[in-house]
Amino acid sequence: MSLFHLLLVAAIQGITEFLPVSSSGHLILLPNLTGMADQGQAIDVAVHVGTLGAVILYFWSDVRGALAGLPRLARGKTDTAGARLAFLLLVATVPVILIGLLLKLTGLDDAMRSVTVIGWTMLIFGLVLWWADQKGTSDLGAGDWSTRHAWVLGFWQAVALIPGTSRSGIVITGARALGYARPDAARLSMLMSIPTILASGALLGAEVVGEADWQMLRLTGIGAVFAFAAALLALALMMRLLRSVSFTPYVIYRVILGVFLLWWGYSA
């Protein structure tokens, strides 16, 4: 794997992981549209670790509170803000883990990795995001997050197992439909990504453990660092822009890319 290919994969993962445009969709498209070899699971794990580090750093105050609340949660108590946040994040992660395991066991996860599937999901869920963003109210903040809403957003997140949907985009869509303000919808989406990335990274990591050599460790280290930097930059920029800009620019990008992919897929 060339250094250029590695940095390209890391940049795509880092930039698109937290933007509502689907990182998995873009990574699947890379070999399909360019003829490059698939980067492999070891690199996938590395760039996911990099993006995980970025979101943890950016939302460190929330993460620190949730970690501090874990001992109380382990005793069955959610009487502090940190314990409650940790509980809600765990609740919101259950659907994606269960449905993800089901898809993997049935082989449906591989069956959906096609250009046309990604084209349809880019287009359809981009329009759904636009609808929710335009019609949704801004009455709720992240502090209003409830157990019911954690379950609801957890099932929204599970939809992102279909390539091209965008994990961050679909959670933001669900949160805006529930009435959360744009920055708070994005914040909940980013916090929900932490246990989800941890779970997917652990699953992928278990499959590649033992295969690593010094060369692979060097490549994965470079990929993780570059993905971290790209993700942190994209995350900071999006959170800043949401103070004054809607999600419409991302919707436009998704619609254009979706139409192009459908044309590409059906004309091939």
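Minimum interatomic distance between V96 and T93 (heavy atoms only, all atoms of both residues): CG1-O, 3.2 Å. Closest approach of A227 and T51 over heavy atoms only: O-CG2, 4.2 Å. The nearest pair of heavy atoms linking S166 to V21 is OG-N, 3.5 Å. Across every non-hydrogen atom of L178 and L140, the tightest pair is O-CD1, 3.5 Å. Contact detail for P20 and F247: the closest heavy-atom pair is CG-CD2, 4.2 Å. Pairing each heavy atom of A175 with each of L153, the nearest pair is N-CD2, 3.4 Å.
From L88, atom CG reaches atom OG1 of T78 across 8.0 Å, with rounding to the nearest 0.5 Å. The CD1 atom of I172 sits 4.5 Å away from the OG atom of S189 when rounded to the nearest 0.5 Å. Here the straight-line distance linking atom CH2 of W264 with atom CD1 of I118 works out to 13.0 Å at 0.5 Å rounding. Note that OG of S193 and CG of L188 are 11.0 Å apart. Values are rounded to the nearest 0.5 Å. Separation of atoms CH2 (W120) and CG (L261) is listed at 12.0 Å; rounding is to 0.5 Å. Atoms CE and CE, from M190 and M238 in turn, are 3.5 Å apart once rounded to the nearest 0.5 Å.
Contact annotation: the side chain of F18 never approaches that of M239 to less than 4.5 Å [non-hydrogen atoms, C-beta and beyond]. Here the side chains of T147 and F87 are in contact, with some heavy-atom distance below 4.5 Å. Put simply, the side chain of T173 does not reach to within 4.5 Å of the side chain of D133, judged on heavy atoms. Side-chain contact between I15 and L19: present, with at least one pair of heavy atoms (C-beta onward) separated by less than 4.5 Å. Looking at heavy atoms from C-beta onward, V94 lies in side-chain contact with W151 at the 4.5 angstrom threshold. Between L85 and T80 there is no side-chain heavy-atom pair separated by less than 4.5 Å. The closest side-chain heavy-atom distance from V63 to W60 is below 4.5 Å. Using a 4.5 Å heavy-atom cutoff, the side chains of M122 and V255 are not in contact.
With hydrogens and angles ignored, the 3.5 Å screen pairs no side-chain donor or acceptor of R182 with any backbone N or O of L242. Under the 3.5 Å distance criterion, the side-chain polar atoms of R167 are left unmatched by any main-chain donor or acceptor of S22. Proximity of a side-chain donor or acceptor of R176 to a complementary backbone N or O of Y180 within less than 3.5 Å is detected. Looking at D184, its side chain does come within 3.5 Å of a backbone N or O of A142 through a donor-acceptor pair.
Exactly one residue among L57, V47, I197, T196 makes a side chain to side chain contact (heavy atoms under 4.5 Å, CB included) with L52. That residue is I197. Shown are I162, I170, V159, T116; of these, the side chain to side chain contact (heavy atoms under 4.5 Å, CB included) with T121 is made only by I162.
Between the side chains of E17 and S23, a donor-acceptor pair is found at a separation under 3.5 Å.
Residues I256 and V259 do not share a hydrophobic cluster, clusters being chains of Ile/Leu/Val/Met/Phe/Trp/Tyr side chains in contact below 4.5 Å. By the rule that hydrophobic residues join a cluster once side-chain heavy atoms approach within less than 4.5 Å of another member, V225 and F228 end up as members of separate clusters. L235 and L198 fall within a single hydrophobic cluster, where Ile, Leu, Val, Met, Phe, Trp and Tyr are joined by side-chain heavy atoms under 4.5 Å apart, directly or via other members. By the criterion of side-chain heavy atoms lying less than 4.5 angstrom apart, applied directly or through intervening Ile, Leu, Val, Met, Phe, Trp or Tyr residues, W263 is grouped together with V117 in one hydrophobic cluster. Linking Ile, Leu, Val, Met, Phe, Trp and Tyr residues whenever their side-chain heavy atoms come within less than 4.5 Å leaves L233 and V49 in two separate clusters.
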### Message
Run R254 and L127 through side-chain contact (heavy atoms from CB on, under 4.5 Å) and show every step you take.
### Response
CA-CA 8 Å; R254 289 184 65 112; L127 294 175; over 6 Å; no
### Task
Carefully, step by step, assess I194 and L89 under the rule side-chain contact (heavy atoms from CB on, under 4.5 Å).
CA-CA 9 Å; I194 296 173; L89 288 175; 6.0 Å; no
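Between D79 and R84, no side-chain nitrogen of the basic residue sits less than 4.0 Å from a carboxylate oxygen of the acidic one, so the salt-bridge criterion is not met.
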